[in-house]
Amino acid sequence: MTDNASLTEITDAFFALHHGLPRQGPGSDDTTRRLLSLAGTLPERPRVLDLGCGPGRAALLLAAEAGAEVTAVDLHEPFLDELRASARARGLAGSITAVKADMAELPYPDGSFDLVWAESSAYSIGFDNALRAWRRLLAPGGTLVVTECEWTAAEPSAAARAFWERHYTLRTGEENARAATAAGYSVLGTHQQPESDWDEYYGPLAARADAADPGSPGMAEALAATREEIAMRREHGTEFGYTGYVLRPVASGSWPTRPESAADAAAVHAVNGAAFETGAEADLVEALRADPEAWLPGLSYVAEAPDGSVAAYALLTRCRVGGAPALALAPVAVRPEHQRTGAGSAVVRAVLDAARARGERLVLVLGHPAYYPRFGFEPASGYGIRPGFEVPDEAMMALVLNESGDSAPLPQGTIKYPAAFGV
């Protein structure tokens with residue numbers, strides 16, 4: 001800050017740089033749609049709270065494509081004015097209410113919203129504070145979608161660390177996922193935002209900075225900070241990035257679930273070793289993890305015990321039916337001390353929900369016919385699907401996750417498992 005520029009002038013200059021830009025943080029319509037898909041089935045006209053909405057790019061999409069009634073909150077009235085104008089122009093004025101309010105002190109009663117949405121805004125009060133403060137706003141079965149900047153490099157450079165230490169404390173994705181479960185959420189899914197999301201934000205912002213008058217009050221300081229930020233991304237962008245988290249509060253007495261992280265590998269091995277009489281299932285997971293044609297990132301799930309340890313595990317990998325892609329559910333493992341507590345059911349439902357959100361259509365399981373029907377599994381033979389080996393008909397089951405939009409028939413024929421299954 002120079003002697004001639006007050007904090008107010010710098011703040012005003014910063015907003016002047018940002019007014020009229022399509023976005024106020026890294027993002028894209030594709031990312032908004034992807035996060036929306038991970039949220040699963042919503043009510044016919046969901047009540048959505050968009051926090052730190054800026055000019056409302058996400059609010060407009062949610063209203064138009066999800067049929068949502070959106071309450072869009074921001075502290076900066078000019079951004080809200082931009083959103084109101086855009087909503088009128090698109091015929092969405094009746095679906096979007098723009099409200100000037102502080103996201104840390106929201107005036108809404110508990111359970112007011114089916115979906116709370118916060119792209120590139122939770123940092124203003126902190127990820128952990130956001131998880132705590134916004135949970136009460138969700139109706140039963142509601143979902144919180146929040147994006148958070150985090151380290152993506154195992155060893156970030158000194159320059160990147162120094163920059164972020166001045167602005168915001170970054171954590172790893174594993175740390176943020178654990179923070180979510182510790183706050184009482186299950187992680188329905190995550191989405192690492194692509195570099196193109198940063199381009200959508202920084203491209204227009206850089207052009208605006210190049211056209212700005214550095215002689216106007218506060219602008220020299222605002223430009224310097226903006227260009228430093230853009231340069232940091234250009235030079236160290238592989239070290240940090242935004243990830244979207246799709247979270248659902250865990251009901252009292254239920255088990256929080258999340259995708260496995262790299263740090264869970266030993267615990268996952270131990271759970272499978274403890275749950276089965278031999279180490280075959282534990283070795284199977286390792287072999288599947290090493291097979292790029294079988295392993296599907298984001299479809300390996302754990303349920304956490306109250307102490308944060310891994311209590312249960314479920315894995316979906318790629319198999320084929322008559323040459324068409326499908327999923328195989330195996331193994332499902334629960335530590336002996338947590339069996340018959342609901343941990344297994346929680347982690348199976350979580351991984352099936354994750355597959356459903358990805359648009360997967362068909363899951364096969366070879367398992368106990370008294371257990372898996374609770375998730376919707378039925379004998380696979382009824383769909384014309386069979387394994388390439390002899391098993392009791394009732395033990396080979398299928399679950400249709402998503403009906404095809406074009407009414408294409410389900411694949412039929414013989415199941416081809418990944419090589420690691422040895423069948």
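In what follows, residues are counted from 1 in the order of the sequence shown.
Between His76 and Phe15, the two ring planes are parallel [angle under 30°; tilted spans 30° to 60°]. The aromatic rings of Tyr372 and Phe375 sit tilted relative to each other, their planes meeting at an angle between 30° and 60°. Below 30°, between 30° and 60°, or above 60°: for His167 and Phe163 the angle between ring planes is between 30° and 60°, a tilted geometry. Between Trp198 and Tyr242, the ring planes lie tilted relative to each other; the angle falls in the 30° to 60° range.
Of the possible polar contacts, none joining the Asp197 side chain to the Pro26 backbone as a donor-acceptor pair under 3.5 Å is found. Formation of a donor-acceptor pair under 3.5 Å by the Arg335 side chain with backbone atoms of Ala274 is not found in this model. Between the side chain of Tyr301 and the main chain of Val187, a donor-acceptor pair closer than 3.5 Å is present. A donor-acceptor pair under 3.5 Å is formed between the side chain of Arg23 and the backbone N or O of Gly27. For the pair Thr32 (side chain) and Ser28 (backbone), a donor-acceptor distance under 3.5 Å is present. Judged by distance alone, with hydrogens and angles left aside, the side-chain atoms of Glu239 form a donor-acceptor pair with the main-chain N or O of Ser157 at under 3.5 Å. In this structure, Arg135 contributes its side chain and Gly184 its backbone to a donor-acceptor pair below 3.5 Å. Side-chain N or O atoms of Arg248 include one that pairs as donor or acceptor with a backbone N or O of Ala39 at under 3.5 Å.
Distance check: Arg289 CZ to Trp295 CH2 gives 4.0 Å after rounding to the nearest 0.5 Å. For the atom pair CG of Leu35 and CG of Leu188, the computed distance is 11.5 Å after rounding to the nearest 0.5 Å. Interatomic distance, CG of Leu17 versus CZ of Arg208, reported as 7.5 Å (0.5 Å rounding). Here the straight-line distance linking atom OG1 of Thr143 with atom CG of Leu138 works out to 7.0 Å at 0.5 Å rounding. One distance of note links CG of Leu49 with CG of Leu144; it measures 10.0 Å at 0.5 Å rounding. Distance CG/Asp264 to CZ/Arg258: 4.0 Å, rounded to 0.5 Å.
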message = Would Ser186 and Trp255 count as a side-chain contact (heavy atoms from CB on, under 4.5 Å) here? Give the steps.
response = CA-CA 8 Å; Ser186 282; Trp255 293 83; over 6 Å; no
ask   = Can you check salt bridge (charged side-chain N to carboxylate O under 4.0 Å, His left out) on Arg233 and Glu195, steps first, answer last?
value = CA-CA 10 Å; Arg233 182 65 194 177; Glu195 188 63 28; 2.5 Å; yes
inquiry  = For Leu106 and Leu51: C-alpha separation, side-chain torsions, deciding distance, then whether side-chain contact (heavy atoms from CB on, under 4.5 Å) applies.
reply    = CA-CA 10 Å; Leu106 293 163; Leu51 295 170; 3.8 Å; yes
key: Stepwise side-chain contact (heavy atoms from CB on, under 4.5 Å) check, Trp151 with Glu175   = CA-CA 10 Å; Trp151 294 120; Glu175 290 170 330; 5.8 Å; no
task = Assess whether side-chain contact (heavy atoms from CB on, under 4.5 Å) is satisfied between Ser345 and Tyr371, documenting all intermediate values.
result = CA-CA 9 Å; Ser345 291; Tyr371 180 73; 3.6 Å; yes
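Nearest heavy atom pair, residue Arg47 against residue Ser112, reads NH1-O, 3.1 Å. The shortest non-hydrogen separation linking Val250 to Ser254 is CG1-CB, 3.3 Å. Smallest separation of non-hydrogen atoms from Thr257 and Thr181: O-CG2, 4.1 Å. The two residues Ala153 and Pro156 make their nearest non-hydrogen contact at O-CD, 3.6 Å. Nearest heavy-atom pair, Gly56 versus Leu83, reported as atom, atom and distance to 0.1 Å: CA-CD1, 3.8 Å. The minimum heavy-atom distance linking Gly67 with Pro46 is given by the pair O-CD, 3.9 Å.
Residues Pro194 and Thr31 form a side-chain contact, since some pair of their non-hydrogen atoms from C-beta on lies under 4.5 Å apart. Residues Val48 and Phe113 have side chains not in contact (no heavy-atom distance under 4.5 Å, counting atoms from C-beta outward). By the 4.5 Å heavy-atom criterion applied to side chains, Asp128 and Arg171 are counted as neighbours. Tyr108 places a side-chain heavy atom less than 4.5 Å from the side chain of Val73. With a 4.5 Å cut-off on side-chain heavy atoms, Leu362 and Ile385 count as touching. Between Pro325 and Arg318 the shortest side-chain heavy-atom distance falls below 4.5 Å. In this structure, the side chains of Glu260 and Val285 stay at 4.5 Å or more apart for every pair of heavy atoms. Using a 4.5 Å heavy-atom threshold, the side chains of Leu36 and Leu115 count as touching.
Look at Asp210 and Arg227 and you find a salt bridge, because one of the NZ, NE, NH1 or NH2 atoms lies within 4.0 Å of a carboxylate O, short of that distance. A salt bridge does not link Glu155 with Arg161: none of the charged nitrogens is closer than 4.0 Å to a carboxylate oxygen.
Annotation: Gln192, atom CD; neighbour count of heavy atoms from other residues, nucleotides and ligands within 6.0 Å does not exceed 12. Sparse packing is recorded around CD of Glu105, with 12 or fewer heavy atoms of other residues, nucleotides or ligands lying under 6.0 Å away. In the displayed structure, Glu77 atom CD is contacted under 6.0 Å by more than 12 heavy atoms of other residues, nucleotides or ligands. Annotation for Arg340: atom CZ does not count as buried by contact number, only 12 or fewer foreign heavy atoms lying within 6.0 Å. Summarising the local packing, CD of Glu65 is surrounded by more than 12 heavy atoms from other residues, nucleotides or ligands at distances under 6.0 Å. Around OH of Tyr383, the count of heavy atoms belonging to other residues, nucleotides or ligands within 6.0 Å exceeds 12. Remark: His19 NE2 is packed, more than 12 non-hydrogen atoms of other residues, nucleotides or ligands lying under 6.0 Å away.
Using a 3.5 Å distance cut-off with no hydrogens or angles, the side chains of Glu229 and Tyr202 do pair a donor with an acceptor. A side-chain donor from one of Ser95 and Arg45 sits under 3.5 Å from a side-chain acceptor of the other. Side chain to side chain, Asn176 and Glu150 meet the donor-acceptor criterion of an N or O pair below 3.5 Å. Checked by atom type, the side-chain pair His18/Gln24 shows a donor-acceptor distance below 3.5 Å. Between the side chains of Ser196 and Asp199, no donor-acceptor pair of N or O atoms lies under 3.5 Å. For Asp307 and Ser309, the side-chain atoms include at least one donor-acceptor pair closer than 3.5 Å.
Remark: aromatic rings of Tyr245 and Phe127 are close, center separation under 6.0 Å.
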